[in-house]
Trainee: 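The structure under discussion is supplied below as structure tokens; questions concerning it will follow.
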Protein chains: 2
Amino acid sequence: MILQTKVGKKFIIVFNTINFLRNWFSGAGPLLLNRFWLVMTRYKNQKHFLVAVDCIVFGFDGQNLKILLIKRGFEPQKGKWSLMGGFVQPEESADEAASRILKGLTGLEGVYLEQLHVFSKPERDPIERTFSISYFALIDILRYQTQLNDEYHAEWFLLSEMPDLIFDHAEMVSMARKKLRYRAAMHPLLFELLPERFTIPLLQNLFEDVFETTFDKGNFSRKITSTGMLLKQKEKDKAGSKKGAFYFKLDKRHYRKNFHKVHSLVPNPGELI
Amino acid sequence: MILQTKVGKKFIIVFNTINFLRNWFSGAGPLLLNRFWLVMTRYKNQKHFLVAVDCIVFGFDGQNLKILLIKRGFEPQKGKWSLMGGFVQPEESADEAASRILKGLTGLEGVYLEQLHVFSKPERDPIERTFSISYFALIDILRYQTQLNDEYHAEWFLLSEMPDLIFDHAEMVSMARKKLRYRAAMHPLLFELLPERFTIPLLQNLFEDVFETTFDKGNFSRKITSTGMLLKQKEKDKAGSKKGAFYFKLDKRHYRKNFHKVHSLVPNPGELI
DNA sequence: ACAAAAGTGTTTCCAATACACCCATGA
DNA sequence: TCATGGGTGTATTGGAAACACTTTTGT
């Protein structure tokens, strides 16, 4: 039972039951029917929200694992430090948003970037409810360029000397550190933090910093070379000692086949949780 | 320099510079200032989106790992199978939304639920751009009640016999299976799938199904009991054999201390990725 | 008694650890 | 030639895997 009428320039069609609507629309083909059906039933009256991404950027300077933060040059929270973030735009995925934002901060592309967690407490942003999809990024600190937008200052911090952060950003960092260990136990992720050529003692520094422990240098060296993932170079780095340490490169061909051996490098793997 | 005027019933206040605005507002206290400031500068003109959650529900019937799907009883995609999902409401976090939705489907509360990944391709939902925060849930299949809303049918599927799913739900399931192995390697997660009392051969079935392999029954039994996580009960389950297998319970006191030993149960831990 | 699954005992072997030692080189 | 960090050799050991064997009990 359908009633059609006209009020001014508008047509009004009244359906008594939903099935009448479906029958009526089915003449228009299934696609159009589906579209209308969904809009009118399922998606109707649903609230829309802001969606942001925030990036936890890790770097390694040869000695220590560090994190990149920006200082807000504007209100609110002017002078406080925060992660680099921004809103997801209509035409991009969250991954694309994270890449775009990271490029804006560091000038780098092709960075290792992995989704961490969505933070979604309704009150986490005091201004307006915002979902934040957090990402952690690993960058070779030497490739990083300081050509920054002058809206914000960016600075590297030792993890032990990190300042207070806005909103729930400290929680994000804490989760990212945990996930970094967790992932690094299973995947040769940490090479993303190193330049193309690196020495084994340097690699050991990095592992020790990430896992907050120390390794026997002999065993570390033997284990990492026995994975077959590393290609020994002819040159040595003589900055660190008289004898010098050979440079290595990651062998990208054998990378995928042997990375599972990274696992054995990790102390107390079960304690990662 | 501020200009105030009145047009009809509206007051109009014009600030020459942003600093004038800040000064003027600071009399109202920092909270109000911050709120106005952010609304006017940072959040202005940002697009808002729908945010949904989708749950991948795993269960174990004693023999096989299964997944719970619902059949859509309405258009669009009527008759196709999908994960259980729904939109996040304004006053709830994504975790809370997932719990609510899962309770609606299974009647269960206190279920193990963990955030998996956000799916965010702009075109993933053909009707309107929707972010989906996926969760995986582990439930004891015996506690599950079939008192379902008659809007949809729910059914358990063997993972090997899963039907086609709508949108990108198949990708979600595939990621959830991977994450289940990954997490189970580090955490005694799989106990969530079992009833309070269970036998070791049952536990072995579950592990074998999750890790898609077989274990030596002797070694499995010895390893799992040596973790100290299990409390032997007096009764046996004689359904599976003449001799019968002792029931065990999870010792929740020693749970946290010993779960790292779960790790050694896993074959080729490095291959989990 | 026998079948069938649960669970134990025992051997083998590999790989993680510890640590002593050798190596290469600049000062 | 000696100090310094890089890297190797090697004994020890804990525990994972293999598998034969024993236990329990319904039929």
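Chain letters run A, B, ... following the sequence lines, proteins first, then strands; residues in each count from 1.
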Trainee: Supply the atom-to-atom distance Phe60(B) CZ to Leu190(B) CG, rounded to the nearest 0.5 angstrom.
Mentor: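 Going from the CZ atom of Phe60(B) to the CG atom of Leu190(B) covers 9.5 Å.
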
Trainee: Scan residues 158-172 of chain A for pairs that pass side chain to side chain donor-acceptor pair (under 3.5 Å), counting only residues two or more places apart or in two chains.
Mentor: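 Found Arg124(A)-Asp168(A).
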
Trainee: For Asp237(B) and dG7(C), what is the distance between atoms CG and P respectively, to the nearest whole Å?
Mentor: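 Answer to the nearest Å: 10 Å.
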
Trainee: Sequence neighbours left out, what passes side chain to side chain donor-acceptor pair (under 3.5 Å) with Ser132(A)? Give chain and number order.
Mentor: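 Asp54(A).
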
Trainee: Provide, to the nearest angstrom, the distance between the CD1 atom belonging to Ile224(A) and the P atom belonging to dG6(D).
Mentor: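 Atom CD1 in Ile224(A) sits about 15 Å away from atom P in dG6(D).
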
Trainee: For Gln233(B) and dG7(C), give me the distance from atom CD to atom P, rounded to whole Å.
Mentor: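 In whole Å, dG7(C) P lies 13 Å from Gln233(B) CD.
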
Trainee: Would you kindly give the CZ-to-P distance between Phe215(B) and dC19(D), to the nearest whole Å?
Mentor: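 Taking CZ of Phe215(B) and P of dC19(D), I get 17 Å after rounding.
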
Trainee: Just list the side-chain donor-acceptor pairs under 3.5 Å for residues 193-201 of chain B, sequence neighbours left out, or say none.
Mentor:
residue   : atom : partner   : partner atom : Å
Arg197(B) : NH1  : Glu235(B) : OE1          : 2.9
Thr199(B) : OG1  : Leu202(B) : N            : 3.3

Trainee: Tell me whether Lys236(B) forms a cation-pi arrangement with Phe246(B), defined as NZ or CZ under 6.0 Å from the six-membered ring centre and within 45 degrees of its axis.
Mentor: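 Yes; both conditions hold, so Lys236(B) lies above the ring face of Phe246(B).
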
Trainee: If you restrict it to nitrogen or oxygen atoms, what contacts under 3.5 Å exist between nucleotides 23-27 of chain D and the protein, and what is each distance?
Mentor:
residue : atom : partner   : partner atom : Å
dT23(D) : O2   : Lys243(B) : NZ           : 3.0
dT25(D) : O4'  : Lys242(B) : O            : 3.2

Trainee: Which residues pass the side chain to side chain contact (heavy atoms under 4.5 Å, CB included) test with Asp61(B), not counting sequence neighbours?
Mentor: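 So Asp61(B) forms a side chain to side chain contact (heavy atoms under 4.5 Å, CB included) with Gln63(B), Asn64(B), Lys66(B), Ile141(B).
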
Trainee: Rounded off to whole Å, could you give me the CD-to-P distance for the Gln204(B) and dA5(C) pair?
Mentor: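 The distance from CD of Gln204(B) to P of dA5(C) comes to 13 Å, rounded to the nearest Å.
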
Trainee: Which residue in the set Ile101(A), Leu113(A), Val118(A), Leu102(A) passes side chain to side chain contact (heavy atoms under 4.5 Å, CB included) when paired with Val53(A)?
Mentor: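 Going through the options one by one, the only one that passes is Ile101(A).
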
Trainee: Tabulate atom names and distances for all N/O pairs under 3.5 angstrom spanning the protein and nucleotides 8-14 of chain D.
Mentor:
residue : atom : partner   : partner atom : Å
dG9(D)  : O6   : Arg222(A) : NH2          : 2.7

Trainee: How many whole angstroms separate atom CZ of Phe207(A) from atom C1' of dA16(C)?
Mentor: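 Phe207(A) atom CZ is separated from dA16(C) atom C1' by 16 Å.
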
Trainee: Please report, rounded to the nearest Å, how far the P atom of dG7(C) is from the CG atom of Leu230(B).
Mentor: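 So the CG-P distance, Leu230(B) to dG7(C), works out to 11 Å.
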
Trainee: Could you tell me if the side chain of Phe191(B) sits less than 4.5 Å from the side chain of Leu138(B), heavy atoms only?
Mentor: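 Not in contact.
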
